[in-house]
Amino acid sequence: MPADITLVNLNMLFMRYAQEIERELHVPLGCLYLTKALEQAGFAVDFRDYQLCPSDTPFDMEVFTNFLADPAPVIGLSCMANLLPFTILAARALKDRWPDRVLVLGGVGPKGAEETILRRFPWVDVICRGEGERTAVELMAVLRGGGDLSAVAGISWRRNTEETERHGQDAHATQETARHGQDARATPEVVHNPDRARIEDLDGMGFPAWEKVDLSKYAGYGMMTSRGCPYLCTFCSVAPVWNHQSFSRSPKSIVDEIEFLHRSAGVKLFLFQDEFFVSGKRHVMDFCRELTRRGLDVTWKAFGRVNLMDVEMMHAMADCGCLELRFGVESGSDRILKLVKKGFTSAQTMEVVPPAIEIFPRVDTFYVWGFPFETMEDFNQSLFQMVSFRMMGGRILPSLLSLLPQTEVYRQCASQYTLEFCPFLLPEFVFTGHEVADAGEMDIPPQYQAYFRLITDNPDIFPGFFHVDLKNNVMPKLELLRQFGFYPQGRV
Ligand code: B12
Ligand code: SF4
């Protein structure tokens, strides 16, 4: 059966963007959930995971277009903010090669920048905002069968005046839209359909389409035990992507998936990727009881939240295989915790993290530094806390603030400060995760200059690549982090 959609995963942990590539392959959860929903609705999905592209130069456009050979009439691309520049240029290369295909972007990368992306990059036809299962099914029904794009909640798209009347008449209507999108004479109107209501019954969705991938090729087996987070941290891009609402799976459903993957693919270590696994004590204790009752020989890692954990819960988690607990501590300064609306104090952090370090084999503490309103006194309070936790045996993961377009802190900063691009200090979030490669610095080889020109020309679409006040805010703090051994020594 010919495919209706080619769905491409570009959520990747390629440690070095511009130089040599190191890979760690993670199961592409978002695309596999989408595939499941689309197939259940009767669409044929040609899923391709770009993590598996064997080339050593995956960011060469020809490598990408060859990987996408013979795509279906609709191409869906899923990415995070770090690969959004590549994804946008890759979409143009696809449109040049296959002008009649409809290009749909989704995932957290384009979220928050839909208007500017659609206005500036006419080869992008549709952007799916947020949770995709129901949106993708309705969108495909319109694209395949004809209908009205404006009836699909959760998408942003471009309507060109000259095709407005035709739009929605037949199956070719949107492919026409795609072609006309490239026509400079058309006057585009970017349309943002209303948001889509979140899926509340996560158990009812079933498991991701595991059968579409060879599980043995992946190193990391992510799972989502919940979706979304109700907190309001101003720097966070997760909560806005899920509209600040959170829904959890039942303990039975979570353990069913663990048991299925363990028995069918021998998976032993599970990474709970959602931030809100610890949504409440009863939920966590029920999960631990259920996992223990099944007697599975598995281990797992999860996020905790300082104000929602206690020692009894932590013991229950460790007793049933939790090897690692991660805390978003963010800052050791109460002033900063309050300004970023974290919802707990540094005293609460001090009550929870030290016992956690005693209970779990590994505890990760994440910090965000480089807020322009973080004084050196605030920063030193964080530094003091980091040093203390490191001496106790915790792992410290500081991240330079990334101003992602969905976040409140970006909106504050964009209106008050100049965003600065620093070619030798790219935010480590973008390229390396927390394993800072090459001391957080890199040279940009000539063949990749186009990505960086795109970034510097469009700071409002890619603000995560920019900083505020390099001289007085970022560099002095980086220097201290280096002195205390939290970052490798660099060239500057
Ligand atoms: C797992 C994960 C990873 C995995 C990705 C695995 C994979 N192959 O998919 C790995 C470990 C590779 C990873 C890496 C990074 N990640 Co990450 N990661 C996550 C995490 C924890 C879960 C993602 C997930 O599986 N979600 C579950 C699925 C169901 O949701 P989803 O992917 O968003 O997909 C849904 C919708 O977005 C939509 N959708 C998605 N794609 C498409 C496509 C189409 C066509 C359509 C219609 C719809 C659609 O439908 C899906 C189902 O509802 C999120 C946090 C979170 N809770 O979301 C961070 C997150 C996505 N990561 C983030 C970041 C920043 C990174 C890094 C860049 C750096 C870092 N410090 O972590 C690195 C990349 C480093 C590098 N050098 O390349 C940020 C992204 C910010 C942003 N706005 O882009 C997040 C939000 C965390 C955060 N701290 O803010 N990550
Ligand atoms: S940083 Fe964590 S707690 Fe805060 S809103 Fe984001 S996911 Fe929720």
Side-chain angles (χ1 to χ4, degrees), residues 5-17 21-38 49-51 74-84 103-113 126-137 139-140 154-155 198-199 205 208 218-220 222-224 226-242 244 246 271-276 303 305-308 327-328 330 340-344 366 368 397 399 402 404-407 427-435 437 464:
I5 177 169
T6 294
L7 186 59
V8 188
N9 177 53
L10 285 162
N11 299 291
M12 311 192 288
L13 198 60
F14 279 181
M15 308 293 267
R16 293 183 196 178
Y17 194 76
I21 303 290
E22 294 167 24
R23 298 158 199 247
E24 187 183 297
L25 304 186
H26 284 248
V27 287
L29 276 180
C31 286
L32 294 181
Y33 271 113
L34 284 179
T35 301
K36 174 67 154 271
L38 285 162
D49 187 354
Y50 201 50
Q51 293 179 105
V74 179
I75 304 177
L77 303 173
S78 176
C79 74
M80 294 183 274
N82 67 317
L83 286 195
L84 185 60
L103 291 186
V104 183
L105 299 193
V108 289
K111 172 84 178 159
V126 180
I127 296 179
C128 169
R129 307 190 310 263
E131 194 168 44
E133 284 84 350
R134 289 178 180 163
T135 307
V137 167
L139 176 64
M140 285 304 295
I155 61 164
R198 289 278 316 281
I199 301 169
M205 286 195 323
Y218 295 89
M223 275 182 62
M224 295 297 277
S226 67
R227 280 184 179 187
C229 173
Y231 287 94
L232 295 170
C233 310
T234 64
F235 57 87
C236 174
S237 73
V238 176
V241 164
W242 302 100
H244 293 280
S246 175
L271 316 173
F272 293 179
Q273 303 285 22
D274 48 309
E275 290 69 16
F276 213 45
F303 286 91
R305 201 177 192 280
V306 162
N307 59 319
L308 297 177
F327 290 104
E330 328 301 5
V340 303
K341 302 185 186 160
K342 190 65 210 179
F344 56 74
F366 291 80
V368 180
L397 297 148
S399 294
S402 260
L404 292 163
Q406 316 73 11
T407 62
E428 80 273 15
F429 116 86
V430 173
F431 296 104
T432 63
H434 299 277
E435 288 76 15

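Each residue takes its place number in the sequence, starting with 1. Indexing begins at 1, ligand by ligand and atom by atom, following the structure's order.
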Atom indices of ligand 1, in the order listed, that fall short of 4.0 Å to a heavy atom of Asn9: 8 (N)
Spatial distance of atom CG (Leu34) from atom CG (Leu7) [nearest 0.5 Å]: 5.5 Å
Atoms in ligand 1 with a heavy atom of Gln406 nearer than 4.0 Å: 83 (N)
Side chain, backbone, both or neither: Val241 near ligand 1, heavy atoms under 4.0 Å: neither
Per-atom contacts, ligand 1 versus Pro28 - under 4.0 Å to a heavy atom: 7 (C), 8 (N), 9 (O)
Between CG on residue Asp49 and CG on residue Leu10, distance to nearest 0.5 Å: 8.5 Å
Option set Pro110, Cys229, Gly106, Gly130, criterion heavy-atom distance to atom 36 (C) of ligand 1, minimum: Gly130
Check: Gln51 side chain, His26 main-chain N or O, donor-acceptor pair, under 3.5 Å: yes
Option whose closest heavy atom lies nearest to atom 24 (C) of ligand 1, chosen from Met224, Met205, Glu275: Met224
Atoms of ligand 1, numbered as shown, that sit under 4.0 Å from any heavy atom of Asn82: 68 (C), 74 (C), 75 (C), 76 (C), 78 (O)
Region of Phe235 that comes within reach of ligand 1 [heavy atoms, distance under 4.0 Å]: neither
Donor-acceptor contact present, side-chain Glu131 to main-chain Ile199, <3.5 Å: yes
Nearest heavy-atom neighbours spanning Leu404 and Gly464: CD2-CA, 4.4 Å
Nearest-0.5 Å distance that lies between atom NZ in Lys111 and atom SG in Cys79: 14.0 Å
Pick from Gln51, Met12, Met80: the one approaching atom 15 (C) of ligand 1 most closely through a non-hydrogen atom: Met80
Approximate separation, where rounding is to 0.5 Å, of Ile5 CD1 and Met140 CE: 5.0 Å
Phe276 and Tyr231 aromatic ring geometry - parallel, tilted or perpendicular at 30°/60° bounds: perpendicular
Glu131-ligand 1 polar pair, N/O distance under 3.5 Å: no
Per-residue contact class, Leu404 against ligand 1 - non-hydrogen pairs under 4.0 Å: side chain
Whether Val27 lies under 4.0 Å from ligand 1, heavy atom: yes
Distance filter under 4.0 Å to Gly76 heavy atoms, resulting ligand 1 atoms: 45 (C)
Closest protein heavy atom (residue, atom, distance) for atom 1 (S) of ligand 2: Lys342 NZ, 3.5 Å
Nearest candidate to atom 39 (N) of ligand 1, where distance is taken over non-hydrogen atoms, out of Gly107, Ser226, Cys31: Gly107
NZ-OG1 distance between Lys341 and Thr234, expressed to the nearest 0.5 angstrom: 7.0 Å
Proximal candidate to atom 20 (C) of ligand 1 [heavy atom criterion; set His26, Gln273, Arg227]: Gln273
Contacts of Arg134 that satisfy side-chain hydrogen bond (donor to acceptor under 3.5 Å, both in side chains) - sequence neighbours left out: none
Backbone or side-chain N or O of Tyr33 under 3.5 Å from ligand 1 N or O: no
Winner among Ile155, Asp274, Val238 once heavy atoms are compared against atom 88 (C) of ligand 1: Val238
For Glu133, atoms of ligand 1 separated by under 4.0 Å from a heavy atom: 52 (C), 53 (O)
Minimum heavy-atom distance between Val27 and Tyr218, given as atom pair plus value: N-CD2, 3.6 Å
Closer than 2.8 Å to atom 6 (Fe) of ligand 2 - protein N, O or S atoms, ordered by chain and residue number: Cys236 SG
Nearest heavy-atom neighbours spanning Cys236 and Thr407: O-CG2, 3.4 Å
Atom indices of ligand 1, in the order listed, that fall short of 4.0 Å to a heavy atom of Cys128: 46 (C), 47 (C), 48 (C)
Ring pair (Phe, Tyr, Trp, His ring centres under 6.0 Å) involving Phe272 - partner list, sequence neighbours excluded: Phe277, Phe287, Trp300
Distance filter under 4.0 Å to Ala81 heavy atoms, resulting ligand 1 atoms: 82 (C), 84 (O)
Atoms of ligand 2, numbered as shown, that sit under 4.0 Å from any heavy atom of Arg305: 3 (S)
From CZ (Arg305) to CZ (Phe327), nearest 0.5 Å: 11.0 Å
side-chain hydrogen bond (donor to acceptor under 3.5 Å, both in side chains) involving Glu133 - partner list, sequence neighbours excluded: Arg227
Heavy-atom closest contact (Thr135 atom, Cys128 atom, distance): CG2-SG, 3.8 Å
Side chain Gln406, main chain Val108, donor-acceptor under 3.5 Å: yes
